[in-house]
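Some notes on the structure that comes next.
As the structure lists them, so they are numbered: ligands from 1, and atoms in each ligand from 1. These numbers come from the heavy atoms of this one structure, side chains and all, not from hydrogens, waters or symmetry mates.
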Amino acid sequence: MDAASKPTDLRINAERLWASLMEMAKIGATPKGGVRRLTLTDLDRQSRDLFVAWCKAAGLTVSVDGVGSIFARRAGRKDALPPVVSGSHLDTQPSGGRFDGCFGVMAALEVARTLNDRGIQTEAPFEIAMWTNEEGSRFLPVMGASGAFAGVHTTEEILAGRDVDGTAFGDALRAIGYAGTAPVGGRRLGAYFEAHIEQGPILENTGNTIGVVTGALGQRWFEVTVTGMDAHAGPTPMHLRRDALLGASYLIQEVNRLGSATEHSRGTVGMIVNRPNSRNVVPGETVFSVDFRDTDVSGLDRMEQGLRAAAERFAAEHKLGLAIRQTIFFPPCHFDQSCVTAVRAAAEGLGYPHMDIVSGAGHDAVYIARVAPTAMIFVPCEGGISHNEIENAKPEDLAAGCNVLLQAVLAKAGASSFL
Ligand SMILES: [Zn+2]
């Protein structure tokens with residue numbers, strides 16, 4: 001290796017990364033410039049076929065596990081070492097964008113291609129991971145395959161999931177030819193890195209190119225049912241009403257107030273069902289969702305207690321029935337210190353403006369973090385908009401994120417030819 005080939009001089013091929021992203025975005029392209037590529041559909045098969053063809057062309061060894069996740073392996077000098085893995089997902093939301101998930105998979109592929117170009121052999125093997133059904137929009141649970149890899153779900157649970165038409169996950173997986181034979185999880189990874197668009201506005205607003213992701217917010221979701229009494233809007237005097245929607249509106253304000261209390265807390269009501277939902281009837285029942293997020297369990301506890309206390313107060317004041325049921329709990333996730341440090345050092349060394357950031361969204365990395373040292377790399381997306389056809393990101397930011405990924409992978413996998 002000549003002096004110009006030192007790892008810090010290594011750069012990924014930005015044009016090739018962009019071209020791969022744009023080629024993949026054609027599969028399921030929507031008229032508004034987005035992508036609709038639901039998991040385990042024929043479009044998903046096409047994206048997998050293309051990805052696998054690219055991996056094979058790069059000389060990688062491809063395997064598929066029992067829930068359809070794809071692993072493409074580049075041998076290491078010490079091939080028995082646990083692999084350093086990087087990836088994300090190729091499925092999208094029904095009206096998704098070109099970068100959510102796909103960037104992480106294409107970035108990992110670009111890392112492998114760059115190592116090939118420069119003839120670099122890492123000590124530990126390097127693997128690209130493509131996790132099945134991250135989005136959870138066709139089948140539940142969300143992040144199902146990475147969750148199964150981490151032992152959160154059994155393979156049987158994942159395969160038994162059904163979509164709204166009653167099709168089983170396992171049958172859909174077989175139909176697209178990706179019911180693999182590799183065991184689901186149960187093996188050691190040296191490290192896992194996932195590059196992803198931020199899906200929020202913080203990097204753009206602060207003028208940073210790289211988000212060094214230190215963890216992910218914990219989430220606690222509830223379904224709140226407020227019960228009052230249906231009554232005629234004319235003859236029923238105000239003071240005799242038991243208006244469920246009025247009670248819900250108080251609580252929705254309270255959720256917003258609780259979520260606004262600290263920098264790292266969030267409180268959202270995104271779904272509401274009002275019954276009988278008639279113009280001249282005092283509502284008798286209102287059901288709504290509550291989504292609390294925080295970096296710490298104590299923050300989630302604080303918001304839950306606040307919600308329950310407010311609910312008790314309003315219920316007594318307005319003679320309403322109130323039931324609060326927890327539907328989802330993801331504990332806050334703190335990524336591995338040494339992996340986070342590798343990402344930060346890479347951003348630093350490459351001279352990219354960067355900041356520490358906490359992911360507000362769930363990602364495959366959050367599950368993999370339970371079984372392997374893990375970190376994530378965020379790049380800005382335009383206006384912070386994601387899960388939307390207009391989702392956009394700048395080629396130079398994506399290239400920067402991929403360069404950081406390359407350096408972080410080299411730091412963890414080791415490249416003895418440079419040492
Ligand atoms: Zn994603």
Practice problem: Taking the Zn ion (ligand 1) as the reference point, name the nearest N/O/S atom of Asp100. | Solution: OD1

Could you list the donor-acceptor pairs under 3.5 angstrom formed by side chains in residues 267-275, with sequence neighbours left out?
| residue | atom | partner | partner atom | Å |
| --- | --- | --- | --- | --- |
| Asn274 | OD1 | Thr286 | OG1 | 2.9 |
| Asn274 | ND2 | Asn277 | OD1 | 3.2 |
| Arg275 | NH1 | Glu285 | OE1 | 2.4 |

Quiz item: Measuring to the Zn ion (ligand 1), does His363 have an N/O/S atom at a distance below 2.8 Å?
Solution: no

Practice problem: Please tell me if the side chains of Leu258 and Arg302 come closer than 4.5 Å, counting only heavy atoms from C-beta onward. | Solution: yes

Practice problem: Restricting to N/O/S, name the atom of His196 that gets closest to the Zn ion (ligand 1). | Solution: NE2

Quiz item: Any side-chain heavy-atom pair from Val226 and Phe314 closer than 4.5 angstrom?
Solution: no

Practice problem: Run the ring-centre check on His196 versus Phe99 and record whether the distance is less than 6.0 Å. | Solution: no

